[in-house]
Amino acid sequence: MKVYLEKTNEYKEVRSKTLKEILKELNINPTTVIITKNNELITEDSNIKETDEIKFLSVISGG
Amino acid sequence: MSCKKCIESPVIKLTNSPVSLCKSCFIKYFEKKVKKTISDYKLIDKNDHIVIAVSGGKDSTSLLYLIKKIVGERKDIKITALAIDEGIHNYRDESLEFLKGFCKKLKVNLKIVSYKEEFGKSLDEILKTYKGIPCSICGVLRRYLLNKKAKELKATKLATGHNLDDEAQSIMMNYCRNNMAISARLGPLTGIKKDERFIPRIKPLYFLTEKEVTSYAFLKGLMDNFKECPNSQQAYRNNIREMINDLELKIPGTKHSIVNSFLEILPLLKEEYSKDSKLIKSCLKCMEPCSQEICKTCIYIETVIKS
């Protein structure tokens with residue numbers, strides 16, 4: 001499935017099926033992002049499916 | 001999996017406790033924590049004029065929204081938003097447009113002060129000749145203007161959107177560089193002791209993590225298209241941030257522990273370094289407080305901006 005990374009403004013194809021595995025696959029520390037599923041805020045424990053629109057939004061502020 | 005307090009789906013896992021919260025429980029938790037910080041540290045007094053430093057980012061936007069929500073109805077308290085326009089094309093111009101609309105909606109006066117008008121050059125123009133780290137000069141100029149303009153506005157408090165992550169990073173940066181005198185100026189209410197040349201600074205988001213603030217801003221619809229500053233080169237802070245985030249992942253609650261243990265020693269640091277506070281001079285050129293004869297801003301004006 002494809003997920004969106006806001007920090008680099010790009011879509012990434014991932015093999016993993018759970019959010020926790022996706023975070024590991026993309027080497028993203030969960031404390032540095034919030035995750036949305038179809039524009040709703042979720043935790044990394046939430047279930048997702050192939051058709052969901054998943055976004056990782058960076059929490060680091062830029063001044 | 002549902003919220004630990006109700007049956008709704010959780011939106012956030014807290015790092016300092018095994019609790020996951022749904023949208024409405026998290027918003028309550030967040031706002032209660034801000035109110036508790038304000039109350040515990042007496043951040044807001046009767047008849048205060050609170051000037052809120054705003055950038056259009058998630059922290060200061062959430063802060064402005066919350067201060068307005070918490071004390072906006074009080075007749076004795078005045079709120080003004082203060083934005084610094086450094087003059088960064090395709091970045092600050094966009095966030096200022098957002099701020100104008102947001103402040104109008106909240107019915108809060110917005111004062112915008114620009115580098116161009118105050119110093120004669122925008123940051124973009126300054127960086128054409130200045131080859132140092134942009135954040136070094138920009139941070140000095142911005143802090144100078146925030147204090148100076150807050151004084152001109154007759155503020156009694158200057159509120160900033162610093163969060164728990166910012167504070168934990170500053171504490172560790174000062175530890176690693178043996179800068180304890182600078183750490184003595186940290187805390188939810190900033191300043192070693194009262195000095196009329198400095199407007200006291202308050203940090204109502206002090207005990208909330210960056211992730212919590214971002215989640216709140218998202219859930220409240222306060223997230224404009226926030227971007228990172230194109231000049232951002234805070235290599236040292238970034239290293240410390242990465243180190244703390246790695247530790248937080250392995251040892252949840254690390255950020256809270258860094259800040260809470262620091263707060264235990266802060267009164268001792270303030271006492272120790274208040275002895276030196278009489279060494280704070282007034283700049284011979286601009287009369288703003290500084291530690292040398294001439295303040296850093298005036299040195300930058302002479303050596304970088306006018307050159």
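Reckoned from all heavy atoms, side chains included, excluding hydrogens, waters and symmetry mates. Here is how names work: the chains are called A, B, and so on, in the same order as the sequence lines, proteins then strands, and each is numbered from 1. A quick note: this is a predicted structure, and the numbers were derived from the prediction, not measured.
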Q: Please classify the contact between A:T32 and chain B as side chain, backbone, both or neither, with a heavy-atom cut-off of under 4.5 Å.
A: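 Contact with chain B involves the side chain of A:T32 alone.
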
Q: Tell me, side chain or backbone of B:K255 under 4.5 Å from chain A's heavy atoms, or both, or neither?
A: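 The answer is the side chain of B:K255.
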
Q: Please look at B:D246 and chain A and tell me whether the side chain, the backbone, both or neither of the residue comes under 4.5 angstrom of a heavy atom of that chain.
A: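 Contact with chain A involves both backbone and side-chain atoms of B:D246.
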
Q: Answer with side chain, backbone, both or neither: which region of A:L57 has an atom nearer than 4.5 Å to a non-hydrogen atom of chain B?
A: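 Only the side chain of A:L57 comes within 4.5 Å of chain B.
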
Q: Less than 4.0 Å between a side-chain N and a carboxylate O, is that true for A:E40 and B:K23?
A: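 No, B:K23 and A:E40 are not salt-bridged.
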
Q: Are any of the side-chain nitrogens in B:E86 or B:R142 under 4.0 Å away from the carboxylate oxygens of its partner?
A: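 The answer is yes: the pair qualifies as a salt bridge.
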
Q: Indicate whether the side chain of A:S16 and that of A:E25 have a donor and an acceptor atom separated by less than 3.5 Å.
A: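 Yes.
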
Q: Check whether B:I12 gets within reach of chain A through its side chain, its backbone, both or neither, counting any heavy atom under 4.5 Å.
A: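 The backbone, not the side chain.
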
Q: Compute whether any side-chain donor of one residue and acceptor of the other, for B:Y144 and B:E118, lie under 3.5 angstrom apart.
A: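 Side-chain D/A pair, B:Y144 to B:E118: absent.
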
Q: Whether B:E210 and B:K58 form a salt bridge (side-chain N of Lys/Arg under 4.0 Å from carboxylate O of Asp/Glu) is what I want to check.
A: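 Looking at B:K58 and B:E210, the cut-off is met.
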
